[in-house]
Amino acid sequence: RTLDDPSVVVFGASYGAAGALELYGPAAGLPMPVISTHNEFWAWGPGSATTVLAVGHDAAYWNDLYSDVRRAGTVHCTGCLVDGTAIWIARGERPGLAARWQALRRFE
């Protein structure tokens, strides 16, 4: 799959991560939509993608939703609130984000 594949979305586990991906993603070559279950991003919905490039959460979170979950890397950032955030590639819906979107909502 290529980065401009409509079946792929980027997921930010927090509103801050999703906002940064939304703002800086296109300049970094990420043309796909950004989604999140955190705060107001949740209201925009999960989209219809079957593959998620996820920034954040742990393996158990993604394994509950997808059958094929692989750690693709780690975000290292000195001076950030969080350092060492996992990057995941999740596919093979089990049941996937769209099926559990209502239950995954996180307002803080």
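For clarity, every value in this text was computed on a predicted model and none was experimentally measured.
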Could you tell me which non-hydrogen atom of A54 sits nearest to which non-hydrogen atom of W62, and how far apart they are? CB-CZ2, 3.3 Å
Heavy-atom closest pair (A98 atom, P46 atom, distance to 0.1 Å) is CA-CG, 3.8 Å
Minimal heavy-atom distance between R100 and D64, with the atoms involved, is NH1-OD2, 2.5 Å
Nearest-0.5 Å distance, OG1 of residue T85 to NE2 of residue H57: 11.0 Å
Working to the nearest 0.5 Å, report the span between OH of Y15 and CZ of R106. 13.0 Å
Between E93 and Y66, does the side-chain contact (heavy atoms from CB on, under 4.5 Å) criterion hold? Intermediate values first, please. CA-CA 5 Å; E93 295 177 331; Y66 293 90; 3.6 Å; yes
Between V55 and W44, is there a shared hydrophobic cluster once you connect ILVMFWY residues whose side-chain heavy atoms come closer than 4.5 Å? yes
Check side chain to side chain contact (heavy atoms under 4.5 Å, CB included) between T37 and all other residues, then give those that pass, not counting sequence neighbours. F11, W42, Y61, W101, L104
Distance from L65 atom CG to R91 atom CZ, nearest 0.5 Å? 15.0 Å
Determine the minimum heavy-atom distance between A17 and G12, stating which atoms define it. CB-CA, 4.3 Å
Let me check something: do V75 and V10 share a hydrophobic cluster, defined by ILVMFWY side-chain heavy atoms less than 4.5 Å apart, either directly or through other members? yes
Within a radius of less than 6.0 Å around OH of Y24, do more than 12 heavy atoms belonging to other residues, nucleotides or ligands occur? no
Rounded to the nearest 0.5 angstrom, the CD-CZ distance for E40 and F107 is 6.0 Å
Value rounded to 0.5 Å, distance of OG1 in T50 from CG in L97: 11.5 Å
Side-chain heavy atoms nearer than 4.5 Å, only ILVMFWY residues, links allowed to pass through others: does that put L81 and F41 together? no
For G56 and A13, which heavy atoms make the closest approach, and how far apart are they? CA-CB, 3.7 Å
Count the heavy atoms of every other residue, nucleotide or ligand shown that sit under 6.0 Å from CZ of R70, and state whether that count exceeds 12. no
V9 with L23, same ILVMFWY side-chain cluster at under 4.5 Å: no
Considering all heavy atoms, the nearest V34-A18 contact: CG1-O, 3.5 Å
Once you round to the nearest 0.5 Å, how far does CG of L21 lie from CD1 of I35? 11.0 Å
Judged by atom type as modelled, is there a donor-acceptor pair below 3.5 Å linking the side chain of S67 to the main-chain atoms of G92? yes
